[in-house]
There are 2 protein chains.
Amino acid sequence: MKKVKGDTQIIAPFQSHKHDHEQCVADALAAAEICCKKEGLSFTPLRRLVLELVWSSHGPIGAYDILEKLRDSRRNAAPPTVYRALDFLMEHRLIHRIESLNAYVGCGDPERHHGGQFLICRDCHAVAELDDKAIGRAVSRRADALGFDVQQQTVEVIGLCAECTAETSNG
Amino acid sequence: MKKVKGDTQIIAPFQSHKHDHEQCVADALAAAEICCKKEGLSFTPLRRLVLELVWSSHGPIGAYDILEKLRDSRRNAAPPTVYRALDFLMEHRLIHRIESLNAYVGCGDPERHHGGQFLICRDCHAVAELDDKAIGRAVSRRADALGFDVQQQTVEVIGLCAECTAETSNG
DNA sequence: ATTCCTAGTGTTATAACATATCATATATTC
DNA sequence: GAATATATGATATGTTATAACACTAGGAAT
Ligand SMILES: [Zn+2]
Ligand SMILES: [Zn+2]
Ligand SMILES: [Zn+2]
Ligand SMILES: [Zn+2]
């Protein structure tokens, strides 16, 4: 996933179905290393491995799917093993949780603080991560009008990505 | 819950902590009766009771909490009893599911088609249901720009409602 | 009226997701 | 190196949701 400097609205775009995902994973891990070093966090092998598994998935992945893969290298991993790593990664914004799927996805830009806005393809499970100011503002405006003090936003949009739409209509 | 004709943006506003909730429940059940009759749906006693339990709760309520209350009158109710009723109610838009809470809440206007946008108070668990065009447009605009075909939106905002904010700051 | 079908519910079991608790190991700090 | 804090191991349990099959009541078709 490549950052697009200057465009503060798209944290992570949809990737072509054929892109080099190995590179995405490598980049994300490198970014996480830097991020953790900068904040003095202990990015242990276990946490690193869980992050790698999350990124390796083609889309949001469930905790128990992570667990299953994790057991390839850590035979006695148990649910808490995974959930503790996920908690760490979420706390430090290296991953996000997709509430509507009970699943986790790598964050496209851990260094920037942002709420989660996601477009999720029902077909290929690709995810685009946004930090769309217009959406945020629209929410804030309505909340303000009602005297509501916003603490956390969840915006998850399910649908079909451009590639899948094309493939479907070409059939 | 009173409908505000002319304002198409707020499906169901926050209610005062002291409002007559019995009346909300009664109104909602009456609306559901009409809605089901109009569409030729069988609004059975079980489904009616589950809807009543959802509405009776002060905020979003979990399936197993519904189950527990349901057992007061239906001793051998089991999870499928509840989930089947919830499925029916959701399919016909009489309730919504709050993804971020794994909980269910009565719909403030079942006759109008709308996506779910919710403000949820962390303190008193009150929920305001919106159909804010500005939010919807902001999402659509960004989705269109990415060639994404939106099928379903989840917008759930956690925070503090006006009354709770006031109570908190007053001490 | 008998047969057939369907929608709704009952019943049991299990899948899927998440946390509590206590023990052990491994780093940091002094 | 002892004390402390952090991380992980291990076991059990809690919470949310669905699968699978049986039974019933009521309407349509013959
Ligand atoms: Zn990729
Ligand atoms: Zn797709
Ligand atoms: Zn509604
Ligand atoms: Zn409140």
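Only a predicted model underlies this, so the values are computations on that prediction, with no experimental measurement involved. Every chain is numbered from 1 and lettered A, B, ... according to where its sequence line falls, protein lines coming before strand lines.
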Under a 3.5 Å distance rule, please check whether B:Glu163 uses its side chain to pair with a backbone N or O of B:His17 as donor and acceptor. yes

Backbone of B:Ser16 reached by a side-chain donor or acceptor of B:His19 within 3.5 Å: yes

First encountered from the 5' end of DNA chain C, between B:Arg47 and B:Ala78: B:Arg47

Rounded distance (Å) that lies between atom [atom2] of [N] and atom [atom1] of [X]:
X	N	atom1	atom2	answer
A:Arg71	D:dA10	CZ	P	11 Å
A:Phe43	D:dA7	CZ	P	13 Å
A:Arg74	D:dT8	CZ	P	7 Å

Assign a letter to each nucleotide of nucleotides 13-22 of chain C from its 5' end: B, base within under 4.0 Å of a protein heavy atom; S, sugar-phosphate only; -, no contact. ----BBBBB-

Each nucleotide of nucleotides 25-30 of chain C classed B (base within 4.0 Å of a protein heavy atom), S (only sugar-phosphate) or -, in 5' to 3' order, makes ------

Is [X] salt-bridged to [Y], going by a charged N under 4.0 Å from an acidic O?
X	Y	answer
A:Lys133	A:Asp131	yes
A:Glu111	A:Arg93	no
B:Asp144	B:Arg141	no

For DNA chain D, which residues of residues 32-41 of chain A approach it to below 4.0 angstrom with any heavy atom? none

Do the rings of A:Phe148 and B:Phe14 sit parallel, tilted or perpendicular, given the 30° and 60° boundaries? parallel

Specify whether A:Phe118 and A:His96 have parallel, tilted or perpendicular ring planes, treating 30° as the upper limit for parallel and 60° as the lower limit for perpendicular. perpendicular

